[in-house]
2 protein chains.
Amino acid sequence: MEALFKEKKVRVTAFRRTVYEIFEKYKSAISVNFIESELKDFDRITLYRTLKMFKEKGIIHEITFPYKEKKLALCKEDCKDNTETHNHDHIHFHCNQCKEVYCVDIPNFPHLNLTNYQVDKIEIQAMGTCAKCA
Amino acid sequence: MEALFKEKKVRVTAFRRTVYEIFEKYKSAISVNFIESELKDFDRITLYRTLKMFKEKGIIHEITFPYKEKKLALCKEDCKDNTETHNHDHIHFHCNQCKEVYCVDIPNFPHLNLTNYQVDKIEIQAMGTCAKCA
DNA sequence: TATTAAATGCAATAATGTTGCAATACTAAG
DNA sequence: CTTAGTATTGCAACATTATTGCATTTAATA
Ligand SMILES: [Mn+2]
Ligand SMILES: [Mn+2]
Ligand SMILES: [Zn+2]
Ligand SMILES: [Zn+2]
């Protein structure tokens, strides 16, 4: 973490360390609500500011599924970029049973060719059943 | 609209007609905020309830892009289903220039095969530049 | 037209997210 | 080590988005 933060020119503080460690502890993507429940004593504003900064620095990224709660996950090597240019070659998987969301690497990330639209990047969200729940 | 609402067992009211017509008027997906700006005299609660019901009945569907405002669009023939089972064979395209979001039909909707995950359906969100802005 | 179930409008409240600002903590220069 | 300067935090206030309960109004249909 120290190395990553240094690279991103982000100061390591007690609060940021705690939040970062929550992301590390859970392999799946987590919601703001869940993070709050993991923190005992905390200031909500500082949390929002921390998460916003993590996103801007490309430390975490947002994952959205229609009709589902927004989730957050640590960036991988392929997507450590800021909010504007954030891009990744992995998909997001939502399990309908356990409701967990995972970042999943896939061998051949699909390429999309559209007439009338110039495609710069795509996001793929998959839904179904994860291995644990199958 | 009368036929659609009848099929969905939804009463046609003045307010619902107005909201539905806003969706018909704009070909692209629109935000709740935008709908509010199109309505002159309206009750916000009724609007939320109307949109919720439209979603549950499969009259409209949600479109989400990470870091972007949530949008709504009319369902097409292939996706007139409720929130839980909603499924479509079209993708969503977000133009980085004009910020519009479009539902776009594609000839061969990709199929995804994952080890460890049973995929029931996928959502594809594309970003880039639309024809108008190119 | 009368009956009845559904939809609406209003008030209250909850949940989520942001801004300004003073106090505090950290960093780096001298 | 001390100090000046900058970044972070915590608090209060506020903004935005969404939901619930309930009395009133409206629509469907018999
Ligand atoms: Mn991811
Ligand atoms: Mn669509
Ligand atoms: Zn699962
Ligand atoms: Zn455009």
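Every chain is numbered from 1 and lettered A, B, ... according to where its sequence line falls, protein lines coming before strand lines. For the numbers below, each heavy atom of this structure counts, side chains included, while hydrogens, waters and symmetry mates do not. Because the structure is predicted, anything quoted here is derived from the model rather than measured.
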S.K.: Atom CG of Asp43(A) and atom P of dA22(C): how far apart are they, to the nearest Å?
M.R.: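 Value for this atom pair: 17 Å.
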S.K.: Are His86(A) and His88(A) near enough that their ring centres are under 6.0 Å apart?
M.R.: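 Judged by ring-centre distance (under 6.0 Å), His86(A) and His88(A) do meet the cut-off.
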S.K.: dT8(D) P sits how many Å from Lys52(A) NZ, rounded?
M.R.: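 Atom NZ in Lys52(A) sits about 14 Å away from atom P in dT8(D).
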S.K.: Output, in order, the C-alpha distance, side-chain angles, deciding distance and verdict of side-chain contact (heavy atoms from CB on, under 4.5 Å) for Phe54(A) and Arg16(A).
M.R.: CA-CA 9 Å; Phe54(A) 278 9; Arg16(A) 288 170 180 178; 4.3 Å; yes
S.K.: Would you indicate, yes or no, if dA15(C) has its OP1 or OP2 atom less than 4.0 angstrom from a side-chain nitrogen or oxygen of Asn33(A)?
M.R.: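 So the side chain of Asn33(A) is outside the cut-off, no N or O lying under 4.0 Å from OP1 or OP2 of dA15(C).
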S.K.: Closest-nucleotide mapping onto DNA chain D: is Thr13(B) or Val10(A) further toward the 5' terminus? I mean the 5' end.
M.R.: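 That would be Val10(A).
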S.K.: For the side chain of Phe15(A), counting heavy atoms from C-beta on, which of dT9(D), dT26(D), dT17(D) is nearest?
M.R.: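 The closest nucleotide is dT9(D).
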S.K.: Atom CZ of Arg16(B) to atom P of dA27(D): distance rounded to whole Å?
M.R.: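 Arg16(B) atom CZ is separated from dA27(D) atom P by 11 Å.
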S.K.: Indicate, with a heavy-atom threshold strictly under 4.0 Å, whether Asp41(B) touches base, sugar-phosphate, or nothing.
M.R.: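 Nothing, no nucleic acid heavy atom in range.
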S.K.: Picking from dT8(D), dG21(D), dA18(D), which would you name as closest to the side chain of Tyr48(B)?
M.R.: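 The answer is dA18(D).
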S.K.: With a 6.0 Å cut-off on the ring centroids, do Phe93(A) and Phe65(A) count as close?
M.R.: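 So the answer is no for these two rings.
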S.K.: Figure out the CZ/P separation between Arg44(B) and dT20(D), and round it to whole Å.
M.R.: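 Computing the Arg44(B):CZ to dT20(D):P distance gives 16 Å.
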S.K.: Does this structure show an ion pair linking Lys25(A) with Glu38(A), if we count only N-O contacts that are shorter than 4.0 Å?
M.R.: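 Between Glu38(A) and Lys25(A) there is a salt bridge, with a charged N closer than 4.0 Å to a carboxylate O.
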S.K.: Write down the distance between CZ (Arg49(B)) and P (dG21(D)), rounded to a whole number of angstrom.
M.R.: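 Going from CZ in Arg49(B) over to P in dG21(D) covers 11 Å.
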S.K.: For the pair made of OH in Tyr67(B) and C1' in dG17(C), what is the distance, rounded to whole Å?
M.R.: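 Tyr67(B) atom OH is separated from dG17(C) atom C1' by 17 Å.
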S.K.: Using a 3.5 Å distance criterion without hydrogens, assess whether the side chain of Lys8(B) forms a donor-acceptor pair with backbone atoms of Lys57(B).
M.R.: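 Yes; judged by distance alone, with no hydrogens or angles, the pair exists.
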S.K.: What integer distance in Å separates Leu47(B):CG from dT8(C):C1'?
M.R.: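 Leu47(B) atom CG is separated from dT8(C) atom C1' by 13 Å.
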S.K.: For Arg11(B) and dT26(D), give me the distance from atom CZ to atom P, rounded to whole Å.
M.R.: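 For the pair Arg11(B) CZ and dT26(D) P, the rounded distance is 13 Å.
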S.K.: Would you indicate which nucleotide in dT8(D), dT20(D), dG10(D) comes nearest to any side-chain atom of Ile45(B)?
M.R.: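 Nearest nucleotide to the side chain: dT20(D).
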